[in-house]
Protein chains: 2
Amino acid sequence: MTTPALEARLRIRSGAHTGHTGGLAPGYVQGNIAILPASCAADFLRFCQRNPQACPLLAVSEPGEPILPSLGEGIDIRTDAPRYRLWRDGELSEECDDIRRLWRKDLVSFVIGCSFSFEQALIEGGIPLRHVEQGRNVAMYRTSLPTQPAGPFHGPLVVSMRPLRPADAIRAIQITSRFPAVHGAPIHIGKPESIGIRDLANPDYGDAVEIGADELPVFWACGVTPQAVAVAARLPLCITHAPGCLLITDLLNSRMASL
Amino acid sequence: MTTPALEARLRIRSGAHTGHTGGLAPGYVQGNIAILPASCAADFLRFCQRNPQACPLLAVSEPGEPILPSLGEGIDIRTDAPRYRLWRDGELSEECDDIRRLWRKDLVSFVIGCSFSFEQALIEGGIPLRHVEQGRNVAMYRTSLPTQPAGPFHGPLVVSMRPLRPADAIRAIQITSRFPAVHGAPIHIGKPESIGIRDLANPDYGDAVEIGADELPVFWACGVTPQAVAVAARLPLCITHAPGCLLITDLLNSRMASL
């Protein structure tokens with residue numbers, strides 16, 4: 001059966017779609033990607049286990065296997081994201097839309113939950129999201145909160161921020177608490193300075209949005225954290241998705257809810 | 001079988017305990033009391049139905065019946081609170097520790113959930129509560145938020161406020177969301193001015209507590225709301241418990257959790 005998720009993946013795989021995946025295949029889970037040599041995969045897996053809010057693992061591949069059967073039929077991690085970034089020794093080496101030529105028998109793929117999933121639940125719950133309304137990327141910030149390290153992987157927690165009115169913030173905490181597999185509840189609310197964020201108008205990733213006088217900034221652990229940590233470990237090779245170009249899976253956002 | 005709740009009620013009924021009920025019979029639900037003539041009981045019941053966060057009804061008696069069998073064996077609303085307040089035409093008429101001599105065949109008793117129940121869950125969840133640590137009454141404020149009126153009953157929502165660090169505030173929202181029968185989740189967080197509170201240092205009821213620079217004020221709908229509304233309706237007769245002198249029931253706080 002052809003689903004919207006499979007249709008989107010086939011368009012991406014064929015090269016017909018090489019841009020962002022936001023808004024593609026609504027209702028289906030999208031995942032952040034990190035692909036690492038098997039020699040450091042156990043350390044990275046422990047890193048994810050120790051930092052579950054930032055790194056909610058949706059799937060880990062067998063070494064050398066480009067397939068991820070638990071995420072969807074026929075998914076091939078080498079072709080099914082619209083755009084990839086290659087990092088060598090921690091430096092961006094190139095961007096490309098297909099990594100088949102780079103594939104090695106020792107590569108392990110990690111697919112990590114993304115806030116797109118809980119944003120759908122927030123919007124369906126009547127919570128306005130300014131960056132979605134304005135067609136921008138969500139604002140993300142490096143914090144002063146350390147992650148729990150594992151092997152070569154360590155670094156600050158990265159958070160995404162959404163400005164919400166207080167009653168909406170409370171409802172958003174309730175809604176996202178139901179989604180532990182895609183970052184779950186916020187880790188902070190109000191008081192950006194308490195987590196080392198000096199200027200909300202200057203995010204470290206994504207786009208700034210205005211915060212109204214009657215709103216509070218609400219902060220969720222972000223899937224950029226494991227990417228940033230993997231790059232900072234200066235591995236000989238690390239492959240990630242390009243910003244906003246995620247893997248579309250066959251999982252339903254609605255099935256991610258724990259309650 | 002003698003339970004801590006029954007023991008406390010017997011001490012109160014005998015006049016051996018006439019003070020606050022905070023800390024008595026830990027683990028058992030305590031309730032706010034409002035006793036009104038049957039002629040306005042239907043309006044008050046509708047008021048509670050329309051304002052469930054402020055007025056979570058634990059029980060409503062039959063007219064003229066002083067017993068509340070669903071709350072505990074042998075409970076007699078005329079003797080089982082340590083101290084009562086009588087209001088005539090909206091003015092405080094007297095305080096007493098027994099209302100048997102005032103009982104009438106047309107009185108209806110309302111018992112309304114109280115934040116003591118969720119405070120136990122917060123403390124057990126490792127959330128520090130300053131007013132409990134300092135042995136003070138919680139700070140309460142009249143807000144600019146109107147309640148939904150019914151008949152003669154209308155007026156502002158009254159809230160209780162607990163200062164919490166942001167991560168604790170998020171956890172407190174999760175915990176209290178499980179307790180809809182005892183006020184449930186907060187109705188507001190941060191930004192006191194948004195709900196008409198000008199000065200947190202001057203509560204309208206209870207005691208002020210300090211708020212640290214790294215803390216947010218978190219506001220819950222408060223059981224003082226229905227009391228204040230009942231008094232403001234200037235009924236010929238209205239009986240409430242005296243502040244802090246609640247009805248101890250046989251219900252367990254832990255059984256109030258919805259999940």
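Worth knowing before you read on, the calculation uses all heavy atoms, side chains too, and leaves out hydrogens, waters and symmetry mates. A note on names: the letters A, B, ... follow the listed sequences, proteins ahead of strands, and every chain is numbered from 1.
Only the side chain of Leu259(A) comes within less than 4.5 Å of a heavy atom in chain B; its backbone stays farther off.
Chosen from Gly190(A), Ser177(A), Ser194(A), the residue pairing most often with chain B at heavy-atom distances under 4.5 Å is Ser177(A).
For the atom pair OG1 of Thr176(B) and CD of Gln174(A), the computed distance is 8.0 Å after rounding to the nearest 0.5 Å. Of the inter-residue distances, the one linking Glu193(B) atom CD with Asp214(A) atom CG reads 9.5 Å to the nearest 0.5 angstrom.
Taking a 6.0 Å sphere around CZ of Arg165(A), one finds it holds 12 or fewer heavy atoms contributed by other residues, nucleotides or ligands. Within a 6.0 Å radius of CD in Glu210(B), no more than 12 heavy atoms belonging to other residues, nucleotides or ligands are found.
When all heavy atoms of Ile170(A) and Ala185(B) are compared, the pair lying nearest together is CG2-CB, 4.3 Å. Contact between Ile189(A) and Leu216(B) at its shortest, heavy atoms only, is O-CD1, 3.3 Å.
The backbone N or O of Ala213(A) lies less than 3.5 Å from a partner atom in the side chain of Lys191(B), making a donor-acceptor pair.
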